[in-house]
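Labels below follow one simple rule: chain letters A, B, ... track the order of the sequence lines, proteins then strands, and each chain is numbered from 1.
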Number of protein chains: 2
Amino acid sequence: MANIKDIAKLAGVSVTTVSRVLNNHPYVSEEKKEAVRYAMEQSNYRPNINAVHLSKGKTNLIGVVIPFINHPYFGLLVEGIANEAVSNNYKLVLFQTNYEEERELEALLMLKNKQIDGLVIGSRICHWEVIKEYIDYGPIVVCEDAREQQVASTYINHYESFSIALEYLHRKAHNEIGYCIGRKSGSNSTQRDLAYRDFLAKNNIDYNPSFVFSNCFKFEDGVRVVDLLTTMKKTPSALLVTSDQVAAGILTCCRERNIQVPHQLAIMGFDNQPIAKIMNITTLEIPIVEIGRSLFRQALESETVTHNEIAVKLIERLTV
Amino acid sequence: MANIKDIAKLAGVSVTTVSRVLNNHPYVSEEKKEAVRYAMEQSNYRPNINAVHLSKGKTNLIGVVIPFINHPYFGLLVEGIANEAVSNNYKLVLFQTNYEEERELEALLMLKNKQIDGLVIGSRICHWEVIKEYIDYGPIVVCEDAREQQVASTYINHYESFSIALEYLHRKAHNEIGYCIGRKSGSNSTQRDLAYRDFLAKNNIDYNPSFVFSNCFKFEDGVRVVDLLTTMKKTPSALLVTSDQVAAGILTCCRERNIQVPHQLAIMGFDNQPIAKIMNITTLEIPIVEIGRSLFRQALESETVTHNEIAVKLIERLTV
DNA sequence: ATAATTGATGAAACCAGTTTCATATCAAGC
DNA sequence: GCTTGATATGAAACTGGTTTCATCAATTAT
């Protein structure tokens with residue numbers, strides 16, 4: 001493989017001039033520029049990117065931390081990030097954490113090691129104190145309300161969107177409302193639980209812990225929820241389900257067991273994924289791809305720390 | 001940030017000795033080893049990975065080329081690759097191609113530039129002649145039968161598995177069989193079409209081009225298929241659907257439009273994804289995660305070119 | 001007693017680029 | 001005629017590691 005010295009020799013110029021041509025610097029005469037280009041073509045030259053990275057202290061790689069790749073929500077999020085990465089000539093390094101803290105730390109370490117230029121955390125595990133130790137090494141952006149932190153964020157106001165959904169169900173005469181959530185901890189979940197409890201308090205409804213179903217990520221978790229419902233004496237009349245996938249699982253299961261939706265059980269999804277449209281699930285639309293794009297853009301802005309709140313939209317269909 | 005020279009000075013040794021400690025080389029006395037370790041701790045030292053990469057000519061990164069991330073099949077495949085990557089201390093660089101050849105070429109170029117150590121192509125777009133130009137730069141592995149090529153592969157025998165499925169449907173008295181496929185081109189699709197045509201020929205059935213539905217990737221594509229079916233005069237009595245997702249879309253749509261499954265239309269999926277289990281879809285099980293793991297392992301074996309055929313298994317449920 | 005091997009160490013070359021600095025030419029401004 | 005600034009170029013320093021090679025002491029083999 002030819003290196004920059006070979007090209008310089010071939011073109012009869014200095015390495016500096018070759019470097020100038022490579023980086024489109026001004027002050028290179030047209031003849032020498034042409035000579036360099038010709039030499040590069042002749043020897044099928046490719047700059048060694050690792051040397052470029054070492055010199056520039058930059059990698060054109062952005063890390064993406066998500067719990068699972070195989071999930072429509074995170075799939076769409078990565079898609080949005082990837083779209084923007086392509087436009088900016090960046091590549092993505094993927095960290096699938098399975099919600100293991102160690103995996104997230106590996107990503108932070110790569111940032112520290114300057115192996116990636118920035119880090120997008122799709123779903124955070126580490127405490128803020130841990131994250132803070134790394135903010136000096138490069139931009140870290142998160143997909144949750146981080147206005148109080150020194151990291152950029154694009155987020156849904158989950159308190160508000162949960163409140164909107166709950167009010168909607170309430171207007172439809174539902175008082176026994178339960179909800180399905182992914183992780184029980186995590187700031188997004190905390191916001192949602194807060195909205196839930198405030199709603200209950202406002203309407204003088206007692207909090208029933210068995211109405212909260214956690215670990216709901218995938219289609220098949222919906223089946224588990226219906227299984228649980230059938231064992232309960234008192235069941236909710238409506239479920240707020242923080243993933244259309246899970247909502248679809250619940251709906252499919254209900255149909256198979258002849259539970260009438262929405263009469264016996266109202267279901268409200270989240271995201272407005274294609275499956276929600278096809279199965280006519282009432283849902284809250286979240287522009288996940290757009291969130292991904294925004295997150296990537298923020299990961300490139302190393303100087304400013306911005307916060308981008310994304311609005312949601314209620315989509316009325318047939319399951320409420 | 002401290003560098004290796006600072007550490008050497010601090011520990012009172014040469015950079016060589018520090019490098020030896022970093023790489024666990026023999027021939028370093030216990031005292032010096034300890035002094036170096038202490039100095040590294042004191043100055044919170046981290047080696048600059050780009051310098052390491054430049055020196056060693058290795059990146060510990062493997063590229064993964066897939067058309068979409070947001071798809072259960074490729075999600076699972078990446079999950080398998082990611083699992084094995086974690087165990088081997090490798091990171092993944094993701095290339096979402098949307099089936100654009102240029103994206104795949106970018107990945108090949110990164111291999112050539114030594115920016116990644118190897119490349120897993122989940123679904124190939126480029127011609128073999130193009131791929132061949134890059135095999136000298138690092139291991140390339142594909143997820144299709146490549147026994148005739150100079151690249152490693154882990155693959156399903158799609159001819160055989162399609163034949164198995166077709167024979168099964170035939171035993172169940174189906175003669176009007178159609179199939180749904182993702183891309184029309186691509187070697188996996190070609191194998192399947194060959195099996196389909198051979199089956200028809202064997203049973204003296206005419207080939208009906210309207211019985212082949214292409215561009216079937218997602219849940220919502222199933223709706224399109226049912227829409228098409230309702231406009232057709234002569235419809236198939238059974239459909240072989242190369243993705244459980246699409247099969248689930250078709251089944252859901254059929255239920256909504258009161259098309260009886262399997263009496264009016266038999267549906268046979270592929271993959272055995274969770275959704276197939278929940279919706280009781282008869283399917284051909286494909287161990288996608290295991291395929292992903294195998295692909296990654298092959299991407300590390302730079303010396304040998306191996307071919308790994310994976311067996312499928314028919315799962316009988318209620319849609320045939 | 002001498003030669004060969006093993007252990008321990010560091011100087012310097014090397015990986016392949018970028019960037020700083022010094023220098024030279026030429027035209028414009030005063 | 002002299003200063004200033006834009007254009008053009010290359011030598012050398014720099015990024016931060018790894019690896020080769022030379023050196024020397026302490027064993028071990030002949």
Establish, with yes or no, whether the OP1 or OP2 oxygen of [N] is under 4.0 angstrom from a side-chain nitrogen or oxygen of [X].
X: N50(B); N: dT15(D); answer: no
X: Y27(A); N: dA8(D); answer: no
X: K32(A); N: dG10(D); answer: yes

Problem set entry | 5'-most by nearest nucleotide on DNA chain C - G12(B) or K56(A) | G12(B)
Problem set entry | Along DNA chain C (nearest heavy atom to each residue), the more 5'-positioned of S29(B) and S55(B) | S29(B)
Exercise. With a 4.0 Å cut-off, would you call K132(B) and E129(B) a salt bridge?
Worked result: no
Problem set entry | Heavy-atom closest contact (A2(A) atom, D6(A) atom, distance) | CA-OD2, 3.4 Å
Exercise. What are the two closest non-hydrogen atoms of A35(A) and A11(A), and how far apart are they?
Worked result: O-CB, 3.7 Å
Exercise. So what does V18(A) touch, heavy atoms closer than 4.0 Å: a base, only the sugar-phosphate, or nothing?
Worked result: nothing
For this session: Please work out if T17(A) contacts a base, only the sugar-phosphate, or nothing of the nucleic acid, heavy-atom cut-off 4.0 Å.
Result: sugar-phosphate
For this session: Determine whether the side chains of T17(B) and S14(B) contain a donor N or O and an acceptor N or O closer than 3.5 Å.
Result: yes
Whole angstrom value for the distance that separates [atom2] of [N] from [atom1] of [X]:
X: H25(B); N: dT19(D); atom1: NE2; atom2: C1'; result: 8 Å
X: M40(B); N: dG16(D); atom1: CE; atom2: C1'; result: 15 Å
X: I7(A); N: dG10(D); atom1: CD1; atom2: C1'; result: 17 Å
X: R46(B); N: dG16(D); atom1: CZ; atom2: C1'; result: 15 Å
X: K9(A); N: dG10(D); atom1: NZ; atom2: C1'; result: 15 Å
X: H53(B); N: dT18(D); atom1: NE2; atom2: P; result: 11 Å
X: N48(B); N: dG17(D); atom1: CG; atom2: P; result: 6 Å

Exercise. Could you state the interatomic distance from NE2 (H53(A)) to CG (N48(A)), rounded to the nearest 0.5 Å?
Worked result: 9.5 Å
For this session: State, with a plain yes or no, whether a side-chain heavy atom of S123(B) is found less than 4.5 Å away from one of Y99(B).
Result: yes
For this session: Start with the C-alpha gap between R124(A) and E104(A), add the side-chain angles, then the distance that decides, and say whether salt bridge (Lys or Arg N to Asp or Glu O under 4.0 Å) holds.
Result: CA-CA 8 Å; R124(A) 178 178 54 95; E104(A) 192 166 307; over 6 Å; no
For this session: Extract, from 5' to 3' on DNA chain C, the first and final nucleotides lying under 4.0 angstrom from some heavy atom of chain B.
Result: dG7(C) to dA16(C)
Exercise. Going by modelled atom types, is there a donor-acceptor pair between the base of dG10(D) and the side chain of R20(A) at under 3.5 Å?
Worked result: yes
